[in-house]
Number of protein chains: 2
Amino acid sequence: MTSHLPQPVRSDARDNRARILDAARAVFGEEGLSAPMREVARHAGVGPATLYRHFPTKQALFAETFAEQRRACHAAVRDALTDSNPWHGFRSLIERICELHAHSRGFADAFMTAFPEAMDFAADRERTLHAVRELARRAQKTGQLRPGFVVDDLVLMLMAHRGLQDTPRAARVTASRRFAAYMIEAFSAAPATGAPTPLPPAPRLQLTHSPSTP
Amino acid sequence: MTSHLPQPVRSDARDNRARILDAARAVFGEEGLSAPMREVARHAGVGPATLYRHFPTKQALFAETFAEQRRACHAAVRDALTDSNPWHGFRSLIERICELHAHSRGFADAFMTAFPEAMDFAADRERTLHAVRELARRAQKTGQLRPGFVVDDLVLMLMAHRGLQDTPRAARVTASRRFAAYMIEAFSAAPATGAPTPLPPAPRLQLTHSPSTP
DNA sequence: AGCCAAACGGACGGGGGCGTCCGTTACGGT
DNA sequence: ACCGTAACGGACGCCCCCGTCCGTTTGGCT
């Protein structure tokens, strides 16, 4: 175990690093991972070189930028597993993950994308999926989660959820909530006979402008 | 009405135009709209200039490339409207559109993206949405489509469906079918009490490699 | 106050994609 | 067979973006 002696870090460096991370969260959260590094640098009030000194590559910046959201995801899974009602835990998990993905546009991409190896997302993912598998098993036992469900279905829906992210922020979270509600409806074994579950408000969606129009 | 006298079109030009469209369908279908024009040109065995002479801009090429799929979509809507069972028509519509979107990777983007104005997608869209609204009204009257449903929900799901397209072709159509099934499940008012609807096979999804890794 | 190293940032090189120019090719009508 | 013209395609300019280099600034310790 390497004991880091508190190598004197210059204050401006530490400040800039923090400002860069804030800027990255804002920019990538609003414009997605395709936002130029220069935009982050401008937003942080530093030069490109400074940005690259702190984070040698764009992916390195991604990893640090979304560390917090990753922790939030872990927490959501943990909470879902410890919920005394598995089906309620399962539903809450879906809602929380969708909310997280909807609030920063880049995070869903970072989360659902297998990066070359920079991040240890892979390991993460394996453990997480295992946990969800267990949760699903329990929720199926109560008869509330439909029997045909497999964890890949959640992955499927989360990948689909990414399709909502090319949408203005305001509509995005509303759309995301409605999508989550439909997802839960689709996964549930048998909606209350007669009265269907009420849904959150429907978003007024407008089409994307524009995927390849420089 | 301008009567086009059959301006003598040289045979090689007509051949090349056809080859370019075939190439465009193949390339954009497999790699998405972000595929370089040069790739289409190479695949068609022509130079870039020839491509641009036939289609002055990338969007113009899009418009022609997906004309056939657009007609297929119109046909699907028409069929759905004339189905004697509105709910069956509605479900078939969803399945057919998803199938179309899954089979060529670029089409979904072209379909769900509001292009600056090149295509008359906007008009299309308005008429189509109106038709679907009517269909939904009928399906709700039979009590099989859930009361809360609004057409924007279909748009929502179709936008989400785009998220599945960064997936290898084989998995893509399987994933798409399963997604369509879940969508229908979510939209249906009350699945057969007791026995949930069986689903198509679940795809084995692998994560995307990679959105911004040149 | 003075010094030194760490940190900064403007400018640069490399790569890729879109759309265009102009010299060359080859179709097709005579 | 010939010739005019439409069509072709390699090469070019332009722009955007990633990542790097080097001269300059500035924090912090003595």
Side-chain angles (χ1 to χ4, degrees), chain A residues 4-24 27-28 31-65 106 109-110 113 115-116 118 210-214, chain B residues 4-21 23-24 27-28 30-65 106 109-110 113 115-116 118 210-214:
Chain A
H4 293 252
L5 22 153
Q7 188 202 9
V9 193
R10 254 169 63 169
S11 62
D12 56 348
R14 245 171 50 85
D15 275 13
N16 278 337
R17 185 188 165 89
R19 289 230 304 277
I20 287 172
L21 281 175
D22 283 349
V27 171
F28 291 140
E31 307 183 28
L33 300 187
S34 61
M37 289 290 263
R38 307 273 293 236
E39 179 105 2
V40 176
R42 270 191 298 272
H43 199 279
V46 302
T50 299
L51 198 166
Y52 279 103
R53 193 172 314 104
H54 284 283
F55 306 95
T57 180
K58 205 176 183 183
Q59 286 186 13
L61 180 55
F62 289 162
E64 297 279 346
T65 301
D109 281 345
T113 302
F115 279 99
S210 46
S212 53
T213 316
Chain B
H4 294 250
L5 22 155
Q7 187 202 9
V9 192
R10 256 170 60 169
S11 62
D12 55 347
R14 244 170 51 84
D15 275 14
N16 277 337
R17 184 188 165 89
R19 289 230 306 277
I20 288 171
L21 280 176
V27 170
F28 292 140
E30 201 58 40
E31 307 184 27
L33 300 186
S34 61
M37 289 290 263
R38 306 274 294 242
E39 178 106 4
V40 177
R42 269 191 299 272
H43 199 277
V46 302
T50 299
L51 198 166
Y52 279 103
R53 192 172 315 104
H54 284 282
F55 305 95
T57 180
K58 204 176 182 181
Q59 286 185 13
L61 180 55
F62 289 162
E64 297 280 345
T65 300
D109 281 346
T113 302
F115 279 100
S210 45
S212 53
T213 317

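Below, chains carry the letters A, B, ... as their sequence lines are ordered, and counting in each starts from 1.
Between A:His54 and C:dC8, a side-chain N or O to OP1/OP2 separation shorter than 4.0 Å is present. Contact annotation: B:Ser11 reaches the phosphate of C:dG28 (side-chain N/O to OP1 or OP2, under 4.0 Å). The phosphate of D:dT20 (OP1 or OP2) has no side-chain N or O of A:Tyr52 nearer than 4.0 angstrom. For C:dA5, neither phosphate oxygen OP1 nor OP2 lies less than 4.0 angstrom from any side-chain nitrogen or oxygen of A:Arg10.
You'll find the side chain of B:Phe28 stays beyond 4.5 Å of the side chain of B:Asp109, heavy atoms only. Within the 4.5 Å cutoff, no side-chain heavy atoms of A:Thr65 are placed close to those of A:Phe55. B:His54 has its side chain out of reach of B:Val46: every pair of non-hydrogen atoms, C-beta onward, lies at least 4.5 Å apart.
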Listing time: all N or O pairs from protein to nucleotides 10-17 of chain C that are below 3.5 Å?
none

Point to revise | A:Met37 vs A:Leu61, side chain to side chain contact (heavy atoms under 4.5 Å, CB included): CA-CA, chis, key distance, verdict | key: CA-CA 9 Å; A:Met37 289 290 263; A:Leu61 180 55; 3.9 Å; yes

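Contacts between residues 12-22 of chain A and DNA chain C, defined by a heavy-atom separation below 4.0 Å, involve A:Asp12, A:Ala13, A:Asn16, listed by number.
A distance of 11.0 Å separates CG in B:Leu21 from CG in B:Asn16, rounded to the nearest 0.5 Å. A:Ser34 contributes atom OG, which lies 6.5 Å from atom NZ of A:Lys58 (distance to the nearest 0.5 angstrom). Taken to the nearest 0.5 Å, the CZ atom of A:Arg17 stands 11.0 Å off from the CG atom of A:Leu51.
In this structure, CG of A:Leu61 is placed 16 Å from P of D:dC17, rounded to the nearest angstrom. Across the protein-nucleic acid pair, A:Arg53 atom CZ and D:dG23 atom C1' stand 13 Å apart, rounded to whole Å.
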